[in-house]
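What follows is a set of notes on a single structure, which appears directly below.
Note that ligands are numbered from 1 as they come in the structure, with each ligand's atoms numbered from 1 the same way.
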Amino acid sequence: MEKEYIIALDQGTTSSRAILYNREGQSLASVSREYTQYYPKEGWVEHDPNEIVSSQYGVLIDLIFQHNIDLKTVAAIGITNQRETTILWEKETGTPIYNAIVWQCRRTADVCEWLKNEGYGEMIAKKTGLLPDAYFSATKIKWILDHVEGARERAKKGEILFGTVDTFLMWKLSGGKIFATDRTNASRTMLYHIENLCWDDEILALLDIPKAMLPEVKPSGSYFGDIVIDGVPVPVTGVAGDQQAALFGQRCIHPGDVKNTYGTGCFMLMNTGSTPCYSKNGMVTTLAATADGSVCYAVEGSVFTGGSVVQWLRDEMHLIEAAEDSEYFAKKVEDTAGVFLVPAFTGLGAPYWDMFARGTMVGITRGANRSHIIRAALESIAYQSKELLDAIIADTGIEVKSLRVDGGACANAFLMQFQSDICGIPVLRPENRETTALGAAYLAGLTCGFFKEKDLSEGKIEKVFFPSMSQSKKEALLLGWRRAVERAAGWAEDTED
Ligand code: ADP
C-alpha cells in the first residue's frame with residue numbers, strides 16, 4: 001500500500017503529542033495530552049514512566065482513529081523527547097523501579113559539587129562536552145542505584161535497564177524488542193564520549209554505573225526497530241532529543257546556523273559541523289541530529305527563566321491576564337523608563353553560572369508603571385538570549401548573520417523586534433513553529449526515503465524582524481542590563497546561613 005504519512009511523537013516535559021505529516025512535510029493533525037508532574041520535595045521533579053507511555057500511546061491512538069488512518073499508509077515514526085530525564089526499569093517485566101527523575105530535578109546537586117571539588121570537571125567536559133550538573137542523566141542514575149535496594153547488584157547482572165524517555169518509550173511500544181537510544185540523547189547523559197562515540201568506562205566507574213544497563217546508541221536517522229500500534233508494526237526511523245530535533249526541524253544543518261527556542265527557558269544551539277567546539281564561555285557541546293549517519297556537533301546555551309518570566313507576571317504579580325497581553329503593554333510605552341528586571345529566580349545560567357543570583361529589579365523611579373515593568377520583563381528574555389549568542393560567537397569565531405526562532409514566546413512581536421534590535425541581526429520566525437516535532441518527522445522521513453533532502457524547504461519564514469536600533473542606544477541598554485546583572489549576582493549567598 002502506498003505510504004502517505006509520517007507520524008511524529010513529541011514527548012515533552014508537560015505533555016505528550018502525536019502529529020501527522022504528509023509528503024510535503026505539512027502537519028495535517030495533532031493530538032496532545034498533559035500528564036502529571038510530581039514535586040515530592042523542594043527542587044525535586046518526577047514523572048510516572050507508565051503515564052509517560054500511556055499518554056504518548058493514547059495520543060497516537062487518538063490521532064489514528066480520529067483521522068481514520070490506515071496504519072499501512074504510515075511510512076515511519078519519528079520520536080523526539082524531553083532530554084536527560086532518567087528511567088530505570090526491570091528487564092524481565094518492564095516495570096520501572098522508581099519514578100522518572102526529570103531533567104529539572106536538582107536532587108543530585110551535591111554529587112555534582114563533589115565531582116567538581118574532586119577535580120573531575122575538566123575530564124568530564126573534555127569527554128562529554130558537558131559541565132558536571134544535576135541537569136544531566138548520569139547522577140540521576142547513580143541516585144536511583146544508591147536509593148533503591150538491590151538495584152545496583154541487579155543492574156550489574158543485566159536485570160535493570162536505564163533509558164532516557166526515547167529508550168523507555170521504544171522499549172514499551174515494541175514489547176521489549178528495541179533497547180536503543182540515539183546520539184543526541186546519549187550526549188545529554190554525561191556518560192557518552194562525544195568524539196569516540198561510545199559510553200565512557202572511566203565516568204561509569206567513577207559513578208559506579210554498570211555498563212550492562214545502558215542501551216545501544218545509534219545515529220539519529222537509523223532503523224531503530226518496529227513499534228506495534230493496534231497490532232500493526234510500524235518502523236521507527238528517526239529519534240532526537242527535543243532541542244536537537246528543533247535545530248534539525250529549523251533546517252539548521254550547516255555550520256554556523258543558529259536557532260533559539262523561547263519556551264519556559266530559552267535554548268540556543270549553533271551547528272558547528274563535524275568539529276566539536278569546546279566552550280570557554282559556559283556553553284556545552286553536544287551532538288546534533290543528522291539523517292545520513294554523519295557526526296555533527298552543536299554548541300548549546302540555555303537561559304533558565306525565559307518565557308516563564310511572563311507566567312510570573314501573570315500568575316504571581318497579576319500584571320497581565322494572559323501571556324499575549326504582555327505585548328500590548330510593552331508597546332504602550334517608549335521604553336522601560338530606566339527599569340531593568342533580572343529574572344534570576346533560580347540563579348543565572350550561561351554565561352554567568354551563578355546559582356546564588358536572585359531576581360532583581362533596579363532603576364525604579366516614581367514614574368515607573370505596570371507597562372514599564374512588563375516591558376522590562378520581556379526585554380530581559382532578549383538580553384539573556386543576546387548573551388548566549390555573544391558567548392557562542394566568542395567560542396566558535398563564526399559570524400552569525402541571522403537568528404531562527406521558535407517556541408511559545410516567539411509569538412510576541414515586541415520581543416522578536418527587540419531581540420533583533422539588541423543583537424543587530426535579522427530574526428527569522430518560521431511559519432511552522434512546531435519545529436521539534438517537524439525535526440523528528442524530517443529525520444524519520446529522510447531516513448526511510450519518504451522525504452528527499454532536496455525537497456525539504458528551508459522552512460517557510462512567516463516574518464523577518466530587521467534590526468532598527470541605533471548603535472548608541474543599543475550600547476546604553478546593554479550597559480544598563482550588565483549593571484543590573486551585577487546587582488543580582490550572588491544575592492542568596494549572603495543569606496545562606
Ligand atoms: P514549553 O515547551 O517550555 O512548555 P512553550 O514553547 O509552550 O514552552 O512556550 C510557553 C512559554 O511561552 C510560557 O512560559 C509563556 O509564558 C510564554 N509565552 C507564550 N505566549 C507568549 C506571548 N505571546 N508573549 C510572551 N510570552 C509568551
* Has S326 got any heavy atom lying under 4.0 angstrom from an atom of ligand 1? -> yes
* To do: Would you mind listing every salt bridge (charged side-chain N to carboxylate O under 4.0 Å, His left out) that reaches into residues 404-416, with sequence neighbours excluded?
  => R404-E458
* Structure fact -> Under 4.0 Å from one or more heavy atoms of G407, ligand 1 contributes atoms 6 (O)
* Are a donor atom and an acceptor atom from the side chains of Y98 and E46 found within less than 3.5 Å of each other? -> yes
* **Shortest protein contact, atom 20 (N) of ligand 1 (heavy atom only)** => G408 O, 3.5 Å
* To do: Do me a favour and list the nearest non-hydrogen protein atom to atom 24 (N) of ligand 1 with residue, atom name and distance?
  => N412 ND2, 3.0 Å
* For ligand 1, find out whether one of its N or O atoms is nearer than 3.5 Å to an N or O atom of G263. => no
* Structure fact -> A student checking ligand 1 against E324 at a 4.0 Å heavy-atom cut-off should list atoms 23 (N)
* Structure fact -> Applying side chain to side chain contact (heavy atoms under 4.5 Å, CB included) to S380 and not counting sequence neighbours gives V309, P343, Q384, W481
* Asked: What orientation do H47 and Y35 show, parallel under 30°, tilted 30 to 60°, or perpendicular over 60°?
  -> perpendicular
* Per atom 21 (C) of ligand 1, closest listed option by heavy atom (A323, C410, S15) -> A323
* Within 6.0 angstrom of R483 CZ, more than 12 heavy atoms from elsewhere -> no
* What about T264: any of its N or O atoms under 3.5 Å from an N or O on ligand 1? -> yes
* Over 12 non-hydrogen atoms of neighbours within 6.0 angstrom of CD in E334 -> no
* So between A411, A322, G307, whose heavy atom ends up nearest atom 16 (O) of ligand 1? -> G307
* Give a yes-or-no answer on whether the side chains of R83 and Q244 include a donor-acceptor pair shorter than 3.5 Å. => yes
* To do: Any atoms of ligand 1 less than 4.0 Å from a non-hydrogen atom of V310? List them with their elements.
  => 16 (O), 25 (C), 26 (N)
* **Test item: side-chain donor near acceptor, T108 and T139, under 3.5 Å** => yes
* Asked: Should the pair F248 and Y442 be assigned to parallel (<30°), tilted (30 to 60°) or perpendicular (>60°) ring geometry?
  -> perpendicular
* **Mode of A409 contact toward ligand 1 - side chain, backbone, both, neither (heavy atoms, under 4.0 Å)** => both
* Asked: Heavy atom of E327 under 4.0 Å from ligand 1?
  -> no
* For S308, take its heavy atoms, then give the atoms of ligand 1 lying under 4.0 Å from any of them. => 14 (O)
* **Heavy atom of protein inside 4.0 Å of atom 6 (O) of ligand 1, strictly below** => yes
